Amino acid sequence: MAFDVKLKSLGKTARAEPDQPLLDAFLRDGVWLPHNCTQGTCGSCKCRVESGEFDHGNAPLSTLTEEERAQGLLLGCQARAKSDMVIEPITAVEDDVVHHPLRDVAGRIAVLEDIARDTRRLVIELDDDMTFLAGQYAEIKVPGTSAWRQYSMANPPSETRRLEFHLKRTEGGIATDQWLFRRAAVGDRVELKGPLGNFGLFRPQDDPAILIAGGTGLAPMKSIVQHALAEGLIPEIWLYHGGRGAADLYDGEFFEALADRHPNFHYRPCLSEDTWDGRCGMVTDCVLEDFKSCKGMSAYLCGPPAMVQAAGKALKRRRMPPRRTFKEEFTTAEHADAPLAKAG
Ligand SMILES: Cc1cc2nc3c(=O)[nH]c(=O)nc-3n(C[C@H](O)[C@H](O)[C@H](O)COP(=O)(O)OP(=O)(O)OC[C@H]3O[C@@H](n4cnc5c(N)ncnc54)[C@H](O)[C@@H]3O)c2cc1C
Ligand code: FES
């Protein structure tokens, strides 16, 4: 039996199945709620419960403390309704962006290639369109398991049938080490759901932008850059891609060709451990060297959490207001629910 869950101030209601996270129910009904990770690590989907019964699902105590639970807070991406409910997101819901409803799609692997150290490009040809905004992500179901993992689309949103992803291997990881780098093959069927996420280029902007990517944090940047240049949405763009060594960088020729065609786009790969004839040093230090002030600019940061946090602090020192700094941290969750199935 499904329950009615109402957003108090917006007055909008979603039908939530007993085993369905509340966030999932709202996004499928086309009602946007703030969220960043859908895995219980970021806390951006916290809501206050006004009335009704629910359980917290797999909400980790590190993200939703006992004290917050006692105050009547829940994580929208984890909590399940046990009765009709009224809730209120604690982060303001921006209503000037048209979001695409969350939906299930399926497709087959069309491309699987090594592009950098422990990094693969995965292209999935979908049976049906998945519309999304540049910078958003999808969840991919790891075949043969109950695990879902988040991966950002690298293709521009004009391509809705063919999604490109960049995956970095995590030692022992269910999605990467045990599936994508071991068992996956061109032609395999894959299930996905999307679009998801609060990170990306959701509206045209007047200020120039610095994009800083670590490793596969390049994926959403590739989507944002292509979309921004095709539609003229950002006046000037600097893209920094950081890696430890030359073996960690990829798609350099693609971005160099884009920079040749678009004088307002600048591509800056940086290496923190190898020496080469390009930029050397931590990617954030390279940005600090290049910009003495970031006043009047915005930034998009994506990749490992430590890099994103360091870049955010560096830009603040260069007088970029935090409200103009958009971040996506590629966090990994502790997953208790996804043993590898024996059968493929
Ligand atoms: C919004 C978002 C977008 C993302 N986009 C991308 C992207 O575009 N490209 C990309 O490469 N990555 C991306 N990620 C990261 C990605 O979703 C996965 O977390 C990553 O690929 C690891 O998944 P895995 O299944 O291989 O590893 P997992 O099996 O999830 O393991 C991750 C780590 O946790 C440990 N671990 C697992 N379970 C437990 C447990 N129960 N207790 C203790 N430790 C445990 C593992 O040993 C491992 O070190 C994104 C993450 C988010 C949140
Ligand atoms: S904790 Fe729910 S979206 Fe991140």
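Throughout, residue positions are numbered sequentially from 1 according to the sequence presented. Nothing here was measured: the structure is a model prediction, and the numbers come from that model. Atoms within each ligand, like the ligands themselves, are counted from 1 in listed order. We use all heavy atoms of the structure for the numbers below, so side chains are in, but hydrogens, waters and symmetry mates are not.
Set against the non-hydrogen atoms of Lys168, the atoms of ligand 1 under 4.0 Å away are 11 (O). Every atom of ligand 2 is numbered from 1 in the order shown, and the set under 4.0 Å from a heavy atom of Thr41 is 1 (S). Within the listing of ligand 2, atoms 1 (S) sit less than 4.0 angstrom from a heavy atom of Gly40. Those atoms of ligand 2 that come under 4.0 Å of a heavy atom in Asn36, given as number and element, are 3 (S). Residue-ligand proximity, Leu167 to ligand 1, at heavy-atom distances under 4.0 Å covers atoms 11 (O). Within ligand 1, the atoms closer than 4.0 Å to a non-hydrogen atom of Ser152 are 3 (C), 5 (N), 7 (C), 8 (O), numbered from 1 in the order shown. Heavy-atom proximity to Glu328, at under 4.0 Å, picks out these atoms of ligand 1: 1 (C).
Between the side chains of Tyr137 and Thr38, at least one donor N or O sits under 3.5 Å from an acceptor N or O.
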Would Asp104 and Lys193 count as a salt bridge (charged side-chain N to carboxylate O under 4.0 Å, His left out) here? Give the steps. CA-CA 4 Å; Asp104 300 315; Lys193 58 182 159 185; 5.8 Å; no
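For Tyr300 against Met221, the heavy-atom pair with the smallest separation is O-CE, 3.1 Å.
Using a distance-only test at 3.5 Å, with no hydrogens or angles considered, a donor-acceptor pair links the side chain of Gln205 to the main chain of Asp207. The closest donor-acceptor contact from the side chain of Lys292 to the backbone of Glu289 lies under 3.5 Å.
Because the distance cut-off is set at 2.8 Å, Cys77 qualifies as a neighbour of atom 2 (Fe) of ligand 2 through one of its N, O or S atoms. With a cut-off of 2.8 Å, atom 4 (Fe) of ligand 2 has an N, O or S atom of Cys37 in range. Between atom 2 (Fe) of ligand 2 and Cys42 there is no N/O/S contact shorter than 2.8 Å.
With hydrogens left out, the protein atom closest to atom 2 (Fe) of ligand 2 is Cys45 SG, 2.3 Å, a heavy atom. Of the protein's non-hydrogen atoms, the one nearest atom 3 (S) of ligand 2 is Thr38 N, 3.2 Å.
For ligand 1, one of its N or O atoms has an N or O atom of His166 under 3.5 Å away. Checking only distances, Ile174 does come within under 3.5 Å of ligand 1, N or O to N or O.
Closest heavy-atom approach to atom 1 (S) of ligand 2 within the set Ala333, Pro34, Gly43, Pro21: this belongs to Gly43.
Of the charged side-chain nitrogens involved, at least one lies within less than 4.0 Å of a carboxylate oxygen, so that Asp127 and Arg189 count as a salt-bridged pair. Ion pairing between Arg80 and Asp19 fails under the 4.0 Å rule for side-chain N and carboxylate O. In summary, Glu125 and Arg108 engage in a salt bridge, as defined by a charged side-chain N under 4.0 Å from a carboxylate O. Salt bridge Asp290/Arg279: present, at least one basic N to carboxylate O contact under 4.0 Å.
Cation-pi geometry between Lys222 and Phe254 is satisfied (NZ or CZ under 6.0 Å from the ring centre, within 45° of the ring normal).
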